[in-house]
> 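Please see the structure below; I have some questions.
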Protein chains: 2
Amino acid sequence: MALPQKNKIETLRVIAHPVRLRILDELAKGVKCVSDFEDFLGISQPNVSQHLALLRNHGIIDYYIDGRLRCYFLVDPMVPDILDILKKEYAGTLPAPACCPITKKGKYPGDRTN
Amino acid sequence: MALPQKNKIETLRVIAHPVRLRILDELAKGVKCVSDFEDFLGISQPNVSQHLALLRNHGIIDYYIDGRLRCYFLVDPMVPDILDILKKEYAGTLPAPACCPITKKGKYPGDRTN
DNA sequence: AAAATATATAAGGATATTTGAATGTTGTGT
DNA sequence: ACACAACATTCAAATATCCTTATATATTTT
C-alpha cells in the first residue's frame, strides 16, 4: 500500500501531543470520564474537554452519556499500536549504509566531522 | 514503562507530516539525496532541505557527504515501525465497553442520538 | 579563477495550534 | 423551580508551523 493515507496521517498528527497521548494511554486501560482526566493530568477542565473534542472530532475516541458523566473510550484501533511503539525500547540506531548508492563512493557517516 | 518519553513524543510530532512521511518512506527503501526528493515530492528545493533539516535536528535521519551530494539515510529505528502501522489495514473499530465502569450503568454508545 | 551544481540557511508572512478565561448546556438532587 | 455538578463551547491572545523568496556555502567543472 502507498503511504499517503491522509486520514491516518491526520490521526497521527492529532495523537502526537503530550497531553493527548497521556489521555489515550489512560483510555487504553479503560473507560474514563472528564473529571478523571482533570485530576490525572493536572490541567483545567476546559482544556481537557478541548483535547477530548479534538480526539472525538477525528474519530479517535467516542463517549457515552451516563447521567451527567461522559464516559470516554478508545475507538481507533491504530492507537494501541502507536502506544506500544512509544513504550518500546530501541537499542541503538539503524545500520548506516555503506556508501552512496548513486556514485558508489563517498565519505562514510563516521568520517564526518562537521 | 510510563508513557511520557518526551523525546519519542517529539519524534512522533516531527514525523507526523505528509511530506516528511513520504521522505521517510523513501529513506526506508534506501539512501537518497536532496534532488531525488525534489523530483519525487514536487516541492521546492529549499522546502525539501527544511524538512530534511528538521528531521536531522531531531536525530531521525543523518547524511554523509559525497562530493556535492548529501546522501540521507534513516537513523531512528522507531520510524520503520511507525511506517508499518500507517500501512497496516485496520478492520473496524475497537470494541465499545459495555457500560460505565464507575456507575456500572449508563446508555450504550449505539443508543446515543446526538 | 570563474561558472555551475547541489544544497543549506535566513527572513517573512500566512496559517494553524495551544491554552486561559469566560460563558453555555444538560442532567441531578432538593 | 432552583441550585449545583459535570462537561462543552467560544473567544482571544500567544506561540508554533509551514512555505515562499532571497541569499549563502561548498564542491566540481571548465
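Proteins come first, then strands; the chains are lettered A, B, ... in the order of their sequence lines, and each starts at number 1.
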> Could you check how far CG of A:L52 sits from C1' of D:dC7, rounded to whole Å?
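In whole Å, D:dC7 C1' and A:L52 CG are 10 Å from each other.
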> Going 5' to 3' through nucleotides 13-22 of chain C, assign each nucleotide B (protein heavy atom under 4.0 Å from a base atom), S (under 4.0 Å only from sugar-phosphate atoms) or - (no protein heavy atom that close).
----SSBBBB
> Considering just the side-chain nitrogens and oxygens of A:Y72, establish if one lies under 4.0 Å of OP1 or OP2 belonging to D:dA6.
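No, because none of the side-chain N or O atoms of A:Y72 sits under 4.0 Å from OP1 or OP2 of D:dA6.
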> Working to the nearest 0.5 Å, report the span between CZ of B:R13 and NZ of B:K6.
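That separation rounds to 10.5 Å.
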> Just checking, B:R22 and B:F40: is the charged tip under 6.0 Å from the six-membered ring centre and within 45° of the axis?
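Yes, B:R22 and B:F40 form such a contact.
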> Could you tell me the separation between the CG atom of B:N57 and the C1' atom of C:dA10, rounded to a whole number of Å?
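Rounded to whole Å, this separation is 14 Å.
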> Rounded off to whole Å, could you give me the CG-to-C1' distance for the A:L69 and C:dG27 pair?
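Going from CG in A:L69 over to C1' in C:dG27 covers 10 Å.
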> Whole Å only: how far is the CZ atom of B:R68 from the C1' atom of D:dT29?
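That distance rounds to 7 Å.
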> Using the six-membered ring of A:Y63, assess whether NZ or CZ of A:R56 lies under 6.0 Å from its centre and within 45 degrees of the ring axis.
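Judged by the rule (NZ or CZ under 6.0 Å from the ring centre, within 45° of its axis), A:R56 is not positioned above A:Y63.
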> What is the separation between atom CD1 on A:I61 and atom C1' on D:dC7, rounded to the nearest whole Å?
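About 13 Å, once rounded to whole Å.
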> May I have the distance from A:Y64 (atom OH) to C:dT26 (atom C1'), rounded to whole angstrom?
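Taking atom C1' of C:dT26 as the reference, OH of A:Y64 is at 19 Å.
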> Taking side-chain contact (heavy atoms from CB on, under 4.5 Å) as the definition, give me every residue that meets it alongside B:I43, ordered by chain and number, with sequence neighbours left out.
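Residues passing side-chain contact (heavy atoms from CB on, under 4.5 Å) with B:I43: B:V19, B:L41, B:N47, B:V48, B:H51.
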> State whether B:S49 places a side-chain N or O below 4.0 Å from either non-bridging phosphate oxygen (OP1 or OP2) of C:dT9.
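Negative; the distance criterion is not met.
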> Between P on C:dT25 and CD1 on A:I65, what's the gap in Å once rounded to a whole number?
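Those two atoms, CD1 and P, are 16 Å apart.
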> Atom CG of A:L55 to atom P of D:dA8: distance rounded to whole Å?
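Those two atoms, CG and P, are 12 Å apart.
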> Just compare D:dC7, C:dA8, C:dT5 and give me whichever is closest to any side-chain atom of A:R70.
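Of the options given, the side chain of A:R70 lies nearest D:dC7.
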> Looking only at heavy atoms, what is the nearest atom pair of A:M78 and A:K8, with distance?
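Of all heavy-atom pairs spanning A:M78 and A:K8, the closest is CE-O, 3.9 Å.
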> Between A:D81 and B:K88, does the salt bridge (Lys or Arg N to Asp or Glu O under 4.0 Å) criterion hold? Intermediate values first, please.
CA-CA 10 Å; A:D81 286 350; B:K88 186 170 156 186; 2.6 Å; yes
> Given 3.5 Å as the limit, does a donor-acceptor pair link the side chain of A:Q5 with the main chain of B:L86, or not?
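Yes.
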